[in-house]
Amino acid sequence: MYEKSLAELSRSLKAGEVSSVELTQSYLDRINTFDNDLNAFITVCPDLALEQAKAADERIVAGQATPLTGIPLAHKDIFCTEGIKTSCGSKMLDNFIAPYESTVTANFKAAGTVNLGKLNMDEFAMGGSNENSFYGPVKNPWNRDMIPGGSSGGSATAVAARLAAAATGTDTGGSIRQPASMCGITGLKPTYGRVSRWGMIAFASSLDQAGPMARSAEDAAMMLNIMAGFDPKDSTCMDRAVPDYTATLNEPLKGLRIGLPKEYFAEGLDSRVEQVVRDAIAEYKKLGATVKEISLPQTHHCVAAYYVIAPAEASANLSRFDGVRFGHRCEDPTDLEDLYKRSRGEGFGSEVKNRIMVGAYALSAGYYDAYYAKAQKLRRMIRDDFLKAFEDVDVIMGPTAPTPAFPIGSKADDPVAMYLGDIFTISTNLAGLPGMSVPAGMVDGLPVGLQIIAPHFEEARLLNVGHQFQLVTDWHQQKPEAI
Ligand code: GLN
């Protein structure tokens, strides 16, 4: 059963071939068997999941099911879930039981999906390898010595290891696409403003966006149908009609104009990853697409701009965790300053502290113009590069990450090497564009993703382009042997 796609599961549930309770129990059993080692979950909710499954079964019998009613999912632990611990991967929130539900998870609840639990992640979504979690690193199910990618590594591992039918993730600079690439699943970061951020713990508010992490583009389309849409509680969420993302999956690709940025095939890209991407492009040519070299001249500035803007926003967002209103509180403070210092010192991990310091520095009066204001100017130029490129092409393709997954611990002492792993994903967040990673090949037994980027609000095009590739390839159907 756990090999079935969301569409197949939906049909089986409606036909009464399996109940949601049975399906949920089988996923809970798998979590029991595999997750001690993989560490994809921070919290598993067996009682709640079985209760939701029972309600879903009743809803199906009553003929009131949505396409995802009864399907067991899991959510990144960045989404507030009422009555369930929501840690954001941090000691700071280790004892936080959310008093309300995020819009994304509320939408899934309303659709009747089952919540198996909350998924591991880098602390406050800061990281590209899932080694920064207070709850320990997540392992890559393809090779357990390897990172799964981050920060939504728990989501990617859970989906790749079939511990959930699909999952939610969030992407501030690549955290959906990069772990999707490294774990061999399909992940989509929507346009900024397509999905509500309400109840999603903020990292960098102008970049954060939630999206689906699933086994195929079709599954991702079914997930996005539930996630996308206007929310009056998020003032950056766009009031714009949501198409049925499954309706256009089968449009032919003949005449599709693909742009390949020459800056994405330069130094630093693993030649074996490059080969996977070039082979994927060859498949698209067979499907009738035309390919053209383009240029995104600001590419080399993306990492620098991001690592000023994201920490600046993070330092402001994380100031609320003061041990008074929010977050871990130290024992026996002697005065207010001691309370702040020790609560924050104990509650945050070292990467988060790094970012708070960098961000506070970049925003300080004497340096604001030199760093933050300059980074914002670059951000506009990066966006303009993309808009210009999209005058001539329909989608942009390239690698999702410069390398396959690397060994846990191997980049621990080299933050710059770690940050450079985001080079191909960060620019879409800075530009607000939607991007997707689809499994496109293997290198040394590890999956490699192809990244596809589309103009603002063209998620349907991305899903169509991903789905057509998945009709003629089977990379998305491969699964880790030991699983
Ligand atoms: N790896 C990037 C960072 O560390 C992106 C993280 C994300 O998208 N949440 O900030």
Side-chain angles (χ1 to χ4, degrees), residues 75-79 88-90 104 119-133 137-138 147-156 167-183 187-190 192 195 197 200-213 302-315 317-318 348-359 362 375 379 400-403 405-406 411-412 414-437 449 451 453:
H75 300 295
K76 186 174 182 179
D77 206 17
I78 197 168
F79 295 99
C88 217
S90 182
V104 163
L119 295 162
N120 206 344
M121 55 181 284
D122 280 307
E123 183 176 6
F124 287 104
M126 296 177 191
S129 64
N130 224 302
E131 293 167 291
N132 297 338
S133 169
V138 178
I147 59 139
S151 63
S152 314
S155 309
T168 51
T170 65
D171 191 311
T172 304
S175 279
I176 288 177
R177 292 160 286 160
Q178 191 241 43
S181 171
M182 292 179 174
C183 288
L188 189 154
K189 180 203 94 75
Y192 184 78
V195 173
R197 290 184 297 112
M200 193 176 108
I201 295 171
F203 163 11
S205 309
S206 76
L207 301 160
D208 298 342
Q209 190 63 197
M213 300 182 71
C302 290
V303 173
Y306 173 90
Y307 278 98
V308 170
I309 293 169
E313 294 186 14
S315 75
N317 276 325
L318 268 49
F348 290 131
S350 65
E351 181 63 22
V352 174
K353 286 179 187 158
N354 279 349
R355 308 254 183 141
I356 291 174
M357 285 195 292
V358 169
R379 180 176 190 173
T400 304
T403 64
F406 46 84
K411 289 193 187 171
D414 193 352
V416 174
M418 192 76 95
Y419 297 168
L420 282 172
D422 304 331
I423 185 151
F424 303 128
T425 47
I426 271 176
S427 51
T428 51
N429 300 74
L430 290 168
L433 293 164
M436 177 163 81
S437 181
Q451 184 174 211
I453 302 167

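Counting starts at 1 for both ligands and their atoms, in listed order. What you see is a predicted model; the values in this text were computed from it and never measured. Along the sequence shown, residues are numbered consecutively beginning with 1.
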### Query
Can you list the steps and then say if Cys183 with Met213 is a side-chain contact (heavy atoms from CB on, under 4.5 Å)?
CA-CA 11 Å; Cys183 288; Met213 300 182 71; over 6 Å; no
### Message
Can you confirm whether the side chains of Ser152 and Lys76 place a donor and an acceptor under 3.5 Å from each other?
### Response
yes
#### Entry: Residues that Arg355 engages under salt bridge (charged side-chain N to carboxylate O under 4.0 Å, His left out), provided they are two or more places apart
Glu351
### Summary
Under 4.0 Å from ligand 1, residues with heavy atoms, in chain and number order, are Ala125, Met126, Gly127, Gly128, Ser151, Asp171, Thr172, Gly173, Gly174, Ser175, Phe203, Tyr306, Tyr307, Arg355, Asp422
### Task
Drop me the distance from Asp77's CG to Leu119's CG, to the nearest 0.5 angstrom.
8.0 Å
### Message
Which residues pass the ring pair (Phe, Tyr, Trp, His ring centres under 6.0 Å) test with Tyr419, not counting sequence neighbours?
### Response
Tyr307
#### Entry: Listed partners of Phe424 passing ring pair (Phe, Tyr, Trp, His ring centres under 6.0 Å), at least two apart
Tyr264
